[in-house]
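See below for the structure under consideration.
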Amino acid sequence: MSDMNGSWAIDMETLRGVRKGTLKLQADGETASGSLIGEKMTVEFDDGQVRDNAVRWKSEISIPMLPGKRTVTFTARVNGDEISGAIDGPKQRLATFQGSRSE
């Protein structure tokens with residue numbers, strides 16, 4: 001199992017172009033908490049599910065040009081000091097990301 005704890009500098013390929021962000025993860029056994037900090041929002045979570053070198057969680061966020069909040073699913077896979085993943089909305093993929101450990 002890869003150590004996913006720490007801070008990750010990521011580039012998110014979104015529907016509106018590439019955005020920089022930071023993903024902070026703290027895994028404890030099969031659960032994880034943390035935050036995804038982007039240019040225009042921060043999404044915190046404390047109910048992530050860890051399996052091997054992957055983590056998954058759901059959060060409610062506001063999506064530009066859509067009213068109200070939507071539940072989105074975040075997934076990330078760690079391979080040494082590299083991370084990659086996706087952000088999936090209710091009907092489509094909103095972004096993919098990749099990055100590396102920053103701490």
Side-chain angles (χ1 to χ4, degrees):
M1 177 194 278
S2 294
D3 179 18
M4 64 181 62
N5 293 335
S7 185
W8 302 84
I10 60 172
D11 290 323
M12 294 178 277
E13 180 72 41
T14 73
L15 300 172
R16 301 179 136 215
V18 176
R19 305 284 192 245
K20 299 272 185 203
T22 301
L23 178 59
K24 296 185 178 188
L25 292 174
Q26 181 62 46
D28 183 15
E30 294 182 356
T31 62
S33 61
S35 59
L36 175 62
I37 304 158
E39 293 174 3
K40 297 187 179 191
M41 74 172 156
T42 298
V43 178
E44 295 184 358
F45 67 96
D46 61 6
D47 59 350
Q49 301 167 338
V50 176
R51 174 170 270 158
D52 298 322
N53 62 339
V55 61
R56 177 183 176 176
W57 73 94
K58 292 184 179 188
S59 294
E60 292 214 353
I61 66 168
S62 296
I63 299 173
M65 301 191 312
L66 292 176
K69 293 191 175 221
R70 303 285 191 266
T71 300
V72 296
T73 303
F74 298 80
T75 56
R77 181 169 300 280
V78 174
N79 185 7
D81 287 334
E82 303 294 318
I83 193 166
S84 62
I87 304 170
D88 293 310
K91 295 184 180 180
Q92 69 184 24
R93 177 150 289 168
L94 302 174
T96 58
F97 61 88
Q98 58 186 2
S100 58
R101 193 177 300 274
S102 62
E103 299 185 349

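In what follows, residues are counted from 1 in the order of the sequence shown.
Of all non-hydrogen atoms in Leu25 and Trp8, the two that sit nearest each other are CD1-NE1, 4.0 Å. Contact detail for Asp3 and Arg101: the closest heavy-atom pair is O-NH2, 2.6 Å. Heavy atoms only, all atoms of each residue included: Arg56 and Thr73 are closest at NE-CG2, 3.3 Å. Closest approach of Asp47 to Lys58, counting heavy atoms only: OD1-O, 4.1 Å. Of all heavy-atom pairs between Ser35 and Phe45, the closest is N-CE2, 3.8 Å. Heavy atoms only, all atoms of each residue included: Asp46 and Ser33 are closest at CA-CB, 3.7 Å.
Of the possible donor and acceptor atoms, none in the side chain of Thr14 sits under 3.5 Å from a partner among the backbone N and O of Ala95. Formation of a donor-acceptor pair under 3.5 Å by the Asn53 side chain with backbone atoms of Arg77 is not found in this model.
Ion pairing between a basic and an acidic side chain is recognised when a charged N comes within 4.0 Å of a carboxylate O; Asp11 and Lys20 show such pairing.
Note that CD of Glu30 is 9.5 Å distant from CG of Asp52, once rounded to the nearest 0.5 Å. Distance OG/Ser102 to CG/Asp81: 10.5 Å, rounded to 0.5 Å. With rounding to the nearest 0.5 angstrom, the NZ atom of Lys69 is 10.0 Å from the OG1 atom of Thr71. From Glu82, atom CD reaches atom CD1 of Ile10 across 12.5 Å, with rounding to the nearest 0.5 Å. The CG atom of Leu94 sits 6.5 Å away from atom CD1 of Ile61, with the distance rounded to the nearest 0.5 Å. Note that CZ of Arg93 is 12.5 Å distant from CD of Glu13, once rounded to the nearest 0.5 Å.
When side chains are defined from C-beta on, Leu23 counts as touching Phe97, because their heavy atoms get closer than 4.5 Å.
Val43 and Val55 fall within a single hydrophobic cluster, where Ile, Leu, Val, Met, Phe, Trp and Tyr are joined by side-chain heavy atoms under 4.5 Å apart, directly or via other members. Clustering ILVMFWY residues whenever any of their side-chain heavy atoms sit less than 4.5 angstrom apart, transitively, puts Ile37 in a cluster other than the one holding Ile87.
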